[in-house]
Amino acid sequence: MEARYNFKEIEPKWQRRWEASDLYRVTEDDTKPKFYCLEMFPYPSGNLHMGHVRNYSIGDVVARFKRMCGYNVLHPMGWDAFGLPAENAAIHRGIPPAEWTWSNIANMRRQLHAMGISYDWDREVATCHPNYYRWTQWLFLQMYKHGLAYRKQAAVNWCPSCATVLANEQVVDGACERCHTPVMRKDLEQWFFRITDYADRLLADLKKLPGWPDKVKIMQENWIGRSTGARVVFRLEGSDAEIPVFTTRPDTLYGVTYMVLAPEHPLVEKLAAGTPHEKTVAEFVRAARYLSNLDRTATEKEKEGVFTGAYAINPVNNERVPIWIANYVLMEYGTGAVMGVPAHDQRDFEFARKYDLPVKVVIQPAGQELDGATMPTAYVEDGLMVNSGPFNGTPNREGISKVTEYLERMGKGKALVNYRLRDWLISRQRYWGAPIPMIYCDHCGIVPVPEEDLPVVLPEGVEFRPTGESPLTYCPEFVHTTCPRCGGPARRETDTMDTFVCSSWYFLRYTSPHSQEQAFARDKVDYWMNVDQYIGGVEHAILHLMYARFFTKALHDFGLVGVEEPFQNLLTQGMVLKEGSKMSKSKGNIVSPEEIIDRYGADTARLFILFAAPPERDLEWSDQGVEGCYRFLNRVWRLVAAYADDVRRADALPMAPTKPADEELWRLLHVTIKKVTEDIETRFNFNTAISAIMELVNGCYRYQDGISANEQNLPLMGEVLRKLVTLLAPFAPHIAEELWQGLGGRASVHLERWPVYDPEALVAREVTLVVQINGKVRDRVQVPAGLPDQEVESLVLKRDKVASMLAGQQVVKVIVVPDKLVNVVARRAS
RNA sequence: GCGGCAGUGGCGGAAUUGGCAGACGCGCUAGAUUCAGGUUCUAGUCCUGAUCUACAGGGUGGGGGUUCAAGUCCCUUCUGCCGCACCA
């Protein structure tokens, strides 16, 4: 073996050999349990960043570990390759999006190779390849066929800066998530996926995911936002028009003293028409329309409203209630109309006090008399119903269902579950995405592209203009087509799909990536799904993970897949920080993975990023920490190099530990195997697994220093070093492979079985007991392991030191924690 | 405001089931090797005090409690980060 650790030579060498021998290629194999290990595929921005390095290093440890444990491991990689940056490159630098994307992919693929990640590259997919997006389009058609894709005109979020429509989910604090420009509203015909049909199942099935972090499940739960209540139909006074409202508190229906509509509510215009209020109402509506959601919904914003002059009739008591419009009511949620119960809702209360609307108490707490005129806040707790006609005296909790039933009998309402979740808007006025496979014919209307005509290929050489419309609009050879139904002239849909559509099914494509006949082969999906371990950033906790779950459920219902959830276990990794904040160009605190690999090697980079923090936590980048890991690998190298020749020759000799030092080393090895195995398998605590390996290395050096060379047990050392290298293999695969060969290994270390610890070897012959007196450590004593409590007690009490400290005191009791600790509880003798 | 997570040496972090707080690594100090530096090796490194070899006291954001024993459990409070936010 070389005396020096030369990563520059060994890393590329082993990458080439692994590749040449198809070491990581997999096929279905019923003789082994399968394991699908998946990391979120990257957007090909051009270069790997440290977040990628972290994500893929974690995934690679899991994949390699499971492989060594005897699993048939699917570990694929691909590219989430559609998206806006490619178009920006085209606009700003004149590079066609496809060319820009493919060259980025080539570079990042090279970087991933240089990291030595154990992917089955044969299964690589790119969402921008026609062989892939053809099936994205096909899946869109399945959605359409099953009524889950539909088109509607709607007020959509419009980012004036990006000149595009955004999904509700992509609006952050009322601003574009990408450029932070306040979002405006604009009406367009758009395609939607009916994800709301799955709201209840997406919510309920979170319970079937014990392997997901609670944090993510709670975020999804809040996002779906289920609330139960009732739809109550008010009538517009002097008209047949009905105004339905949604309420979670039908028990307070008798306490309604006003009603509020959203400014966009379709009735608003009619209500005030021809009344003295017309002008103020129109002005209020216009102001609200110009305000973005950010301003509309800011908490500090005062609730503001105007009276329309119209009245509604309360269905249960026929009371006239004034109809207002106000900025705090949202058209998108519920029915866009709210009943105002100021006595029992704090927000309504504030609004009523501001505009001098009556406050009518209908829930009375026990032993307390509320007065609507003087109460300082709304009463939102439970109580008995009062002023509520036939329901007087009913506990309000019961009242909820009783009032609802009453409304149902009268035909004036019904029980209803409402969700915050909205349908998924997938249309994008963009070029670089999967074209929506639809055709518009003047005779036949909306006609889906026949499946056999897929893919609808993105034309090349299009023009990019800074308008809100898709560049495809200016591409006549794309737009003009014939109607598949009547053969007449027709136009293609020029919008493309949200890239989240492409990434909602890629994990299925990996199971049969080359299929020309289908999106994925059912038998392969049945073999590989679910993903056993999914790993990625927590920033995808809501959107991507929700959409992928929705797709899986929909495809299940179409009979295309057997599973209802895609990801069995989820690990959300923390961010990589430098100087306490996220690495970014603007802060100038970026550390380039490629430079680190060039300087220290991939093994060092991987080891550091796994060692510096547990995966779920944020990780502070430290150049000195990297040095430390590099030093450690050098230390391992020197250790193995020192013994490699002797160990190879000593192979045949017996290795029974004889001397105490032998036993100690043997025991340390098995303690380490246990620790590393459990840390990887049950906790993903790679940092402590690595520190355990470091301790084993320290132990080997102790052994080497402690015993003269001719007394050292070389067969034992050989066994320890082989196991050490095997334990290191998932973390630092190149150096482990090289050292393995140095120790005489013939096949790849990555084909080795994961070491198993011997429980016998863990048992120490002697243990050090900590002796406490009244909870304070006072002494230590060496005793044989497994000594009975009684003997421990008498032995400890006889110790000089203990006896002297107990002088003049009375022993109250002695607590013995076997092989660990003794606590003598003593009191001053009375 | 609601929900979640976290707070431990100079730093990253460890302590998995209530049982020696600070593993492992970084940094720092001293010494050896080399001797130009670096590398490598050895010893030390939570704080305070001392008769500075294993002696005492204190210590996990603050306060209180349970327990023989608390970083860990309970109550309370402060700070930071993340998510959601007028949801009827």
Side-chain angles (χ1 to χ4, degrees), chain A residues 4 172-173 213-223 225-227 229-230 232 245-249 252 259-260 262 296-303 326-330 332-341 345-348 350-351 418-420 538-539 541-542 574-575 577 580 607-608 611-614 616-629 631-632 634-635 638 675 678-679 682-683 685 687-695 697-698 701 705 768-780 812-818 820-826:
Chain A
R4 260 191 67 244
V172 176
D173 289 336
D214 289 339
K215 174 188 174 149
V216 172
K217 287 190 278 190
I218 288 165
M219 282 164 74
Q220 293 218 347
E221 219 174 285
N222 292 339
W223 195 261
R226 183 182 202 268
S227 62
V232 182
V245 302
F246 174 73
T247 177
T248 53
R249 295 291 305 275
T252 63
M259 178 185 267
V260 194
R296 282 271 301 276
T297 60
T299 317
E300 322 81 67
K301 185 85 183 172
E302 185 84 6
K303 293 161 187 41
N327 55 1
Y328 72 92
V329 176
L330 308 173
E332 292 84 5
Y333 186 78
T335 60
V338 179
M339 62 185 216
V341 186
D345 181 284
Q346 186 56 29
R347 199 185 37 220
D348 292 349
E350 285 165 24
F351 192 79
N418 214 351
Y419 296 95
R420 206 179 71 91
V538 72
E539 66 273 17
I542 298 177
M575 287 187 299
L577 311 176
L607 198 70
F608 168 72
F611 178 64
E616 308 228 45
R617 249 200 262 185
D618 286 350
L619 181 154
E620 174 69 27
W621 184 266
S622 154
D623 290 331
Q624 287 164 331
V626 178
E627 289 276 354
C629 287
R631 270 206 292 270
F632 168 70
N634 274 287
R635 208 164 134 77
R638 285 193 307 271
K675 170 85 177 146
E678 289 172 357
D679 279 353
T682 63
R683 306 199 308 158
N685 278 16
N687 54 332
T688 50
I690 292 167
S691 72
I693 297 174
M694 288 171 169
E695 284 178 82
V697 171
N698 292 344
Y701 274 105
D705 288 350
T768 305
L769 285 185
V770 168
V771 181
Q772 297 183 334
I773 295 172
N774 291 332
K776 288 195 190 299
V777 180
R778 296 300 182 192
D779 198 7
R780 265 158 235 274
V812 178
K813 62 173 153 176
V814 179
I815 284 138
V816 179
V817 182
K820 263 191 184 159
L821 174 144
V822 184
N823 190 11
V824 180
V825 185

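Basis for what follows: all heavy atoms, side chains included, without hydrogens, waters or symmetry-related copies. Chain letters run A, B, ... following the sequence lines, proteins first and then strands; every chain starts at 1. Remember, predicted model here, so these are calculated numbers, not experimental data.
- Distance from the side chain of A:Ala613 is smallest to B:rG13 among B:rC20, B:rA69, B:rG13.
- For the pair A:Asp779 (side chain) and A:Val771 (backbone), a donor-acceptor distance under 3.5 Å is absent.
- Note on A:Arg617: every side-chain N or O is 4.0 Å or more away from OP1 and OP2 of B:rC81.
- Between A:Phe351 and A:Tyr328, the gap from one ring centroid to the other is short of 6.0 Å.
- Look at A:Ser227 and you'll find a side-chain N or O under 4.0 angstrom from OP1 or OP2 of B:rA88.
- We find that CD of A:Gln346 is positioned 15 Å from C1' of B:rC2, with the value rounded to whole Å.
- Between the side chain of A:Asn823 and the main chain of A:Gly775, a donor-acceptor pair closer than 3.5 Å is present.
- Not one side-chain nitrogen or oxygen of A:Asn687 sits closer than 4.0 Å to the OP1 or OP2 atom of B:rG25.
- Comparing the same atom, C1', in B:rG19 and in B:rU77 gives a spacing of 29 Å after rounding to whole Å.
- The interatomic distance linking A:Asp705 (CG) with B:rU33 (C1') rounds to 15 Å, in whole Å.
- Across all strands, A:Asn823 comes closer than 4.0 Å to base atoms (heavy-atom distances).
- In a base pair of the Watson-Crick type (N1 to N3 plus N6-O4 or O6-N4) or a G-U wobble (N1-O2 and O6-N3), with each distance short of 3.5 Å, B:rG27 is matched with B:rU45.
- Nucleotides B:rG9 and B:rG71 have their C1' atoms positioned 14 Å apart, rounded to a whole Å.
- On the P atoms, B:rA70 is 42 Å away from B:rG31, given to the nearest whole Å.
- With rounding to whole Å, A:Leu821 atom CG is found 9 Å from B:rA21 atom P.
- A donor-acceptor pair is defined here as one N or O able to donate and one able to accept, closer than 3.5 Å; such a pair exists between the side chain of A:Gln220 and the backbone of A:Ala541.
- Residue A:Val338 is classed as a base contact, given a heavy-atom separation below 4.0 Å to a base.
- The residue A:Asn418 sits apart from the nucleic acid: no heavy atom pair falls under 4.0 Å.
- For the C1' atoms, the distance from B:rG44 to B:rG57 is 22 Å, rounded to whole Å.
- Within the 4.0 angstrom heavy-atom criterion, no nucleotide atom of any strand lies near A:Asp214.
- Relative to the side chain of A:Thr247, the nucleotides B:rA23, B:rG83, B:rA88 differ in distance, and B:rA88 lies closest.
- A donor-acceptor pair is defined here as one N or O able to donate and one able to accept, closer than 3.5 Å; no such pair exists between the side chain of A:Asp348 and the backbone of A:Gly340.
- Look at NZ on A:Lys675: it is 8 Å from C1' on B:rA14, rounded to the nearest Å.
- Applying a 4.0 Å cut-off to non-hydrogen atoms, the residues of residues 769-778 of chain A that approach RNA chain B are A:Val770, A:Gln772, A:Lys776, A:Arg778, listed by residue number.
- Closest to the side chain of A:Ile218, out of B:rG3, B:rU40, B:rA14, is B:rG3.
- Here A:Gly628 lies in heavy-atom contact (under 4.0 Å) with sugar-phosphate atoms only.
- With rounding to whole Å, A:Asn327 atom CG is found 11 Å from B:rC86 atom P.
- Distance CZ (A:Arg683) to P (B:rG13): 15 Å, rounded to an integer number of Å.
- B:rG22 and B:rC46 have their C1' atoms separated by 7 Å, given to the nearest Å.
- Side-chain atoms of A:Asn685 do not come within 3.5 Å of backbone N or O of A:Asn687 as any donor-acceptor pair.
- Here B:rU40 is the nucleotide among B:rG19, B:rC87, B:rU40 with the atom lying nearest to any side-chain atom of A:Arg631.
- Taking only side-chain atoms of A:Met694, from C-beta outward, the nucleotide of B:rA14, B:rC24, B:rC87 with the closest atom is B:rC24.
- If you check B:rC20, B:rA88, B:rA85 against the side chain of A:Thr248, the one that comes closest is B:rA88.
- Nucleotides B:rG25 and B:rA15 are separated by 16 Å at their P atoms, to the nearest Å.
- When each of B:rA14, B:rC86, B:rG83 is scored by its nearest atom to the side-chain atoms of A:Ile542, the top-ranked nucleotide is B:rG83.
- Distance from the side chain of A:Val329 is smallest for B:rA88 among the nucleotides B:rG4, B:rC87, B:rA88.
- Across B:rC68, B:rC87, B:rG27, the shortest atom-to-atom separation from the side chain of A:Lys813 is found for B:rC68.
- If you check B:rG13, B:rC24, B:rA88 against the side chain of A:Phe611, the one that comes closest is B:rC24.
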**Message:** A:Trp621 vs A:Leu577, test: side-chain contact (heavy atoms from CB on, under 4.5 Å). Steps then yes/no.
**Reply:** CA-CA 6 Å; A:Trp621 184 266; A:Leu577 311 176; over 6 Å; no
